[in-house]
Amino acid sequence: MPKFIFVVGGVMSGVGKGAACASIGRILQGRGYRVTALKIDPYINVDAGTMNPVEHGEVFVTADGDETDQDIGNYERFLDIDITSINYMTTGRVYRTVIEKERNLEYGGKTVEVVPHVPEEVIRRINAAQRRAKADFTLIEIGGTVGEYQNVLFLEAARMMRLEHPKDVLVVLVSYLPIPSKTGEMKTKPTQYAVRTLNSAGIQPDMILARAERPLDEPRKRKLSIFCSISEGDVISAPDVDSIYEIPLNFEAEDLGGRILKKFGMRSKRKDLKDWTTFVRSIKNAGKPVRIGIIGKYFATGNFTLADSYLSVIEALKHAAWSLGRTPQLEWLSAEEYETDPKKLRELSKYDGILIPGGFGSRGVEGKIKVIKYCREKKIPYFGLCYGMQLATVEFARNVAGLAKASTAEVDPLSPHQVIHIMPEQAAIVRAKKFGGSMRLGAYPCVLAERTISRRAYGAPEISERHRHRYEVNNAYRERLREAGLIFAGTSPDGLLVEIVELKDHPFFVGVQFHPEFLSRPLRPHPLFRAFIKAAMKK
Ligand code: GLN
């Protein structure tokens, strides 16, 4: 019988529920089992693709072209598996299916009701994901915090599943224990309330992962045990860590894997986190820093700087740096500042490499183009992802190929030289305002040209990478750009779509139409990110 573990959050959001869920998966894999993981987001949006990244964080694109939550990225990185669309659901998605079924008379004349029909659709999806992955353990992370109005139906699904299969379902509460600075004492009360709230939804958690600045002490464990009716051993300490990759090891130090298996009446097939331990050691032993500037615009949210919008890019840079024995030192630079203060460009020379990730719209574009010009001329290693590739092409067209007013149609639809234009099949989509889930999405093959940086990095003639874009290099300008020295290092197999541009006589200047960051895994860093970091180390 497959087993299901629901992971829910208490007290507040942003305490690392996703990382905790992914870590539980990793330790169960380490014990010899097949694992998959689902994320439930309680908002109405059908996918994460229509939300501003500052609002929501990164949009993680799956191989089958779904625009999902960044936690799916955590699952792929921790579990080293490819996750597909069925593993991601939102309230919008669930309701849409229920309503479509109703329209198709699939409820056979019954009154379709919020309960049980909505939770039943949730359960159908969970089971489908389990079957698709042939998973022994299926982890289901319910977004948000218990007590919120929006995730009640998902808790209801957990309750109904447990009612039907009491021996096959566990509920883990990831909660937060604050330490008020005036007293310095770790407080358990908010977690006690979270458990009560969960109880009122008909669910008693089987375990509490106690997130806090510090490890949990014995008196606190005892208190939570008594007030929440959970045995002391099932209250697991989850203190802050320097790197999220330490979490599986911390959990196993408390025998979390053993405890979960025991609850299901199962045994470890093996116990092996050797690779992971070696990897975590490489983080701790990383040597000299390699300093990378990331030029973006989705950083600011109120008084905070939120790097979440670029989560996979950041992780990919870290994986590559650690694998080369270096400490990644990443800094966020705001594209717009280079527009108002051109003197700032000179500061870019302090960096070992500059990366421009994906983006949309015109804000910050001219600043990014100035940065790219500086990197090209001063021979600073440059890596452009998606928009970063398109804008590198614009910069080259303007300043090398002599097309002074060149631009991308996304920013300047009146430019006489739209070296980046909308893909033909996308034009109709945009005209019809059908924006949701309609970009060129997911994995597509790309063939690499001989004797290019990319070909050497990948060591293979054909690759597959994930995409998310509506615009592309305009083939009408390919010849002109090629003559001026731009190298088309990768194209779609039919040759029609430019996937990679490079420059020669430069230590590393690579722009890719795709998003390589989605394929980087801790134990298998991405070859292009590695090549970029290697070039940066030489500078
Ligand atoms: N805005 C560009 C496009 O739609 C680039 C997209 C991206 O960077 N993900 O083509």
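Remember, it's 1-based here, ligands and their atoms both numbered in the order they're listed.
Residues Glu366 and Lys370 are not paired through a salt bridge, judged by the lack of any N-O separation under 4.0 Å between the basic side chain and the carboxylate. Comment: Lys373 does not engage Glu395 in a salt bridge, judged by the lack of any side-chain N to carboxylate O separation of less than 4.0 angstrom. Arg26 and Asp275 are not joined by a salt bridge, as no carboxylate oxygen comes within less than 4.0 angstrom of a charged side-chain nitrogen. Salt-bridge formation is detected for the pair Glu246/Lys284: a Lys NZ or Arg NE/NH1/NH2 atom is positioned less than 4.0 Å from an Asp or Glu carboxylate oxygen.
Aromatic ring centroids of Phe514 and Tyr444 lie 6.0 Å or more apart.
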With the criterion set at N/O pairs under 3.5 Å, what does the list of contacts between the protein and ligand 1 look like, atom names and distances included?
residue  : atom   : partner : partner atom : Å
ligand 1 : 1 (N)  : Gly359  : O            : 2.9
ligand 1 : 1 (N)  : Glu410  : OE1          : 2.7
ligand 1 : 1 (N)  : Glu410  : OE2          : 3.1
ligand 1 : 4 (O)  : Arg470  : N            : 3.1
ligand 1 : 8 (O)  : Gly359  : N            : 2.9
ligand 1 : 8 (O)  : Gly359  : O            : 3.4
ligand 1 : 8 (O)  : Tyr387  : N            : 3.0
ligand 1 : 9 (N)  : Arg468  : O            : 3.0
ligand 1 : 9 (N)  : His515  : NE2          : 3.1
ligand 1 : 10 (O) : Gln390  : NE2          : 3.0
ligand 1 : 10 (O) : Arg470  : N            : 3.2
ligand 1 : 10 (O) : Tyr471  : N            : 2.9

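Applying side chain to side chain donor-acceptor pair (under 3.5 Å) to Ser312 and the options Gln70, Arg77, His515, Glu517 leaves one that passes, Arg77.
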